[in-house]
Visitor: 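Handing you this structure, nothing more for now.
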Amino acid sequence: MTTTLPTTKMANAIRALAMDAVQKANSGHPGMPMGMAEIAVALWSGHYRHNPANPKWQNRDRFLLSNGHGSMLHYALLHLTGYELSMDDIKAFRQMHSKTPGHPEVDITPGIETTTGPLGQGIANAVGMALSEQLLAAEFNKPGYDIVNHYTYAFVGDGCLMEGISHEVCALAGTLGLNKLIALYDDNGISIDGKVEGWFTDDTPARFEAYGWNVIRAVDGHDVAAVAAAIAAAKTASKPTLICCKTIIGKGSPNLQGGDKVHGAALGDKEIAAVREYIGWDAAPFEMPADVYAAWDAKKQGALLEADWNERFAAYGREFPQQAAELSRRMQGELPAAFETALSAAIASCVEKKENIATRKASQNAIQALASSLPEFLGGSADLTGSNLTNWKECVAVRSGQPGNHINYGVREFGMSAIMNGITLHGGYIPFGATFLTFSDYSRNALRMAALMKLRSIFVFTHDSIGLGEDGPTHQSVEHVSSMRLIPNLDNWRPCDTVESAAAWGAAVRRKDGPSTLIFSRQNLPYQERSAEQIENIYRGGYVLNDVADAKAILIATGSEVELAVAAASALAAEGINVRVVSMPSTDVYDRQDAAYKASVLTRGVPRVAIEAGVTSFWYKYVGLEGAVVGIDTFGESAPAGVLFKHFGFTVENVVAKVKAVIAG
């Protein structure tokens, strides 16, 4: 946009909206928006390419507020530049069902690219977006047609850089040379507890230079021209750039600026009046002068930018129709027509081969079978590719200057998961990344954010129980599956054999409204026979695997314990006790089924025993207090898997005894 209005007045408009909205809500963080106002002016009025009338324009720049507690900065920018965010929405800041929640939330507010708040994950998402842009550009751009060509900008604060995830993701961004990633650091020296010099004395510029970033030091964050020049310089770099902006938190508040009290609380009516006088702001609360709106308005320029790109994309489509259609499909998140055929063929192959293999290997087989029909697959592992088996024969490793479709994330479980979320948010890829199940703890908050944002990110976890054996309790998951089931909107799959593994992959890829975890064994598991109807019922999360007439009890099992349930049912049948076996690879999906189907699987009034090599408390929702659970409520031990399963009671004899006990009442 072009304007003759002084940039000071444009910045003060942000300050006014931020302090007034926080004051009305009596909740929020005015300090960061007031301190970063000039930085926002420099980026949004001079460099940021976007279209307020179409927040999802494909080739827009991406802007992420990693320090999301300062959400009123973003809301002010969206309102002022012309997004569908009214002054009434600003007045409703932090109120029930408003478009201006306490922290930015994707798909709630037009123009918000990701949900931020847990510090550090915004910059991690930005790395994922920049990586997506780089890979898509390499795949789809042609000479004369740079149709994928945009920047990813992130605002970060001290809190983001103190979080360990910032190290994980920024180190990888430097290694991969993501030169279209530009982070602007709000270096104000203040966090909630006060001056950070008592606990954060890192040499941040040197740290990022060591990562391989281009670093622009000591920029006056209140000098719009200086910040704008730094951004322009960053665009010429061959590396990601960190622009270090020295700022005063709460700038414009004569009595509170520069201190921690302005960080996370309303200023109060008296101080707000003092701010108005101090910065020369005459407008009443929630009133904005016409010249300010005119200066900030980005609708006309945004429409021109998109129209120009649309023309270029149309020309690209005429010359490269197949590539244009493919890019459009992938950016819309639609699956290719060949996917369902490939999935059916993969399952048919499992049925034909009847292999007794580890489900981690079954997972790799499924990836191999599906990859050719899913060019959007972007796999990876946190330094465990040879154990997680998330590679496939034709995959190409992503390296600096070398595009590919498999990422070696290094030992960065949290960073990997949050980068995957950024990849999903950008569009064009379906990312999956893997580690051992016990390390899901490291990445847990990224899983939660994926679920909150309803992202199609696929998290692969192998070595799922005491069945991994000699590595011992540090690596043997007991509570992890149950704990992930507590996360709303996260579908967790723990398949028992090759067929269920392929079906779990199919379900995760099909799912467009949330993430999935795929949880696999290290040890070999036997193939289970099924009918075509039973195979289809796998997608319902739980189904009758082995049925009998007049069942006296129901055995429910997941993963490696389905084998045990089948063997116990056979032993009970030999004693004249008929038992139904239910395989429940995904309790989350099963719980969403209609009441009639669930009742057909878990018949009312029939005693139940659940079997899973993990904590027992979760399973009482299915077996009731009168039922029983064969599980493990202690940590594991270091020993071969067979010894461990026997030691912890995962034996036919123990299951048979439990069934007899619940039948006896």
Side-chain angles (χ1 to χ4, degrees), residues 5-41 44 65 67-81 85-96 98-104 109 117 155 157 159 186 188-195 221-222 224 245 247-293 295-296:
L5 190 74
T7 54
T8 300
K9 190 170 183 179
M10 296 175 71
N12 285 341
I14 296 172
R15 293 188 171 95
L17 285 174
M19 70 180 183
D20 289 340
V22 171
Q23 182 66 24
K24 187 175 187 298
N26 195 30
S27 175
H29 299 75
M32 186 279 269
M34 296 175 74
M36 293 195 78
E38 282 83 9
I39 300 172
V41 173
W44 279 61
L65 194 74
N67 41 354
H69 55 273
S71 56
M72 265 311 305
L73 173 69
H74 206 167
Y75 300 149
L77 290 166
L78 294 171
H79 171 75
L80 291 167
T81 55
L85 194 70
S86 69
M87 189 62 82
D88 285 340
D89 293 322
I90 299 294
K91 292 178 182 178
F93 179 56
R94 290 193 164 216
Q95 304 310 298
M96 180 73 78
S98 77
K99 291 164 73 173
T100 49
H103 291 81
T109 314
F155 283 2
D186 178 30
N188 60 38
I190 296 291
S191 65
I192 292 175
D193 278 357
K195 294 183 178 180
H222 301 299
V224 172
C245 302
T247 61
I248 300 170
I249 190 170
K251 183 172 175 59
S253 174
N255 301 301
L256 298 176
Q257 63 184 2
D260 58 279
K261 288 183 171 53
V262 76
H263 182 281
L267 302 184
D269 292 331
K270 184 177 179 180
E271 185 64 13
I272 285 178
V275 172
R276 279 185 153 76
E277 181 178 357
Y278 187 73
I279 67 175
W281 188 262
D282 298 327
F286 302 108
E287 289 186 6
M288 197 56 54
D291 60 343
V292 171
Y293 276 129
W296 271 110

Visitor: Rounded to the nearest 0.5 Å, what's the gap from CZ on Arg276 to CG on Asn12? Could you check?
Guide: 11.0 Å
Visitor: Please answer whether the main-chain N or O of Ile248 pairs with a side-chain N or O of His222 as donor and acceptor at a distance below 3.5 Å.
Guide: yes
Visitor: So Val292 and Lys9, do their side chains get closer than 4.5 Å, heavy atoms only?
Guide: yes
Visitor: Can you see which heavy atom on Gly117 is nearest to which on His103, and at what distance?
Guide: CA-CD2, 3.5 Å
Visitor: Return yes if some donor-acceptor pair links the side-chain N/O of His263 with the main-chain N/O of Ser191 below 3.5 Å, else return no.
Guide: no
Visitor: In this structure, which one of Leu256, Asn255, Asp20, Leu267 forms a side chain to side chain contact (heavy atoms under 4.5 Å, CB included) with Val275?
Guide: Leu267
Visitor: List the steps, then state whether side-chain contact (heavy atoms from CB on, under 4.5 Å) holds for Ile279 with Lys251.
Guide: CA-CA 10 Å; Ile279 67 175; Lys251 183 172 175 59; over 6 Å; no
Visitor: Which pair of heavy atoms, one from Gln95 and one from Ala25, lies closest together, and at what distance?
Guide: NE2-CB, 3.8 Å
Visitor: What's the shortest heavy-atom distance between Gly221 and Thr247, and which atoms?
Guide: CA-CG2, 3.9 Å
Visitor: Would you say the side-chain atoms of Ser98 pair up with the backbone N or O of Asp89, donor to acceptor, closer than 3.5 Å?
Guide: no
Visitor: Taking all heavy atoms of Val22 and all of Pro30, pick out the closest pair and write down the distance.
Guide: CG1-CD, 4.0 Å
Visitor: Is it the case that the side chain of Gln23 and the backbone of Ala266 share a donor-acceptor pair, with hydrogens and angles ignored and the cut-off at 3.5 Å?
Guide: no
Visitor: Drop me the distance from Arg15's CZ to Thr8's OG1, to the nearest 0.5 angstrom.
Guide: 8.0 Å
Visitor: Rounded to the nearest 0.5 Å, what separates atom CD1 in Ile14 from atom CE in Met36?
Guide: 10.0 Å
Visitor: For Met32 versus Leu65, what's the shortest heavy-atom pair and its separation?
Guide: CE-CD1, 3.8 Å
Visitor: Is a side-chain N or O of Trp296 found less than 3.5 angstrom from the main chain of Leu77, in a donor-acceptor match?
Guide: no
Visitor: Search all heavy atoms of Ser71 against all heavy atoms of Gly102 and return the closest pair with its distance.
Guide: OG-O, 2.8 Å
Visitor: Decide yes or no on side-chain contact (heavy atoms from CB on, under 4.5 Å) for Phe155 and Asp186, but give the supporting numbers first.
Guide: CA-CA 7 Å; Phe155 283 2; Asp186 178 30; over 6 Å; no
Visitor: Going by the angle between their ring planes, with limits at 30° and 60°, are Phe93 and Tyr75 parallel, tilted or perpendicular?
Guide: perpendicular
Visitor: Taking atom CG of Leu17 and atom OG1 of Thr100, what is their separation to the nearest 0.5 Å?
Guide: 11.5 Å
Visitor: CZ of Arg94 to NZ of Lys24: how many Å apart, nearest 0.5 Å?
Guide: 14.0 Å
Visitor: Nearest 0.5 Å, please: how far is NE2 in His29 from CG in Leu73?
Guide: 13.5 Å
Visitor: Is there a side-chain contact (heavy atoms from CB on, under 4.5 Å) between Trp281 and Met19 once you walk through the steps?
Guide: CA-CA 12 Å; Trp281 188 262; Met19 70 180 183; 5.5 Å; no
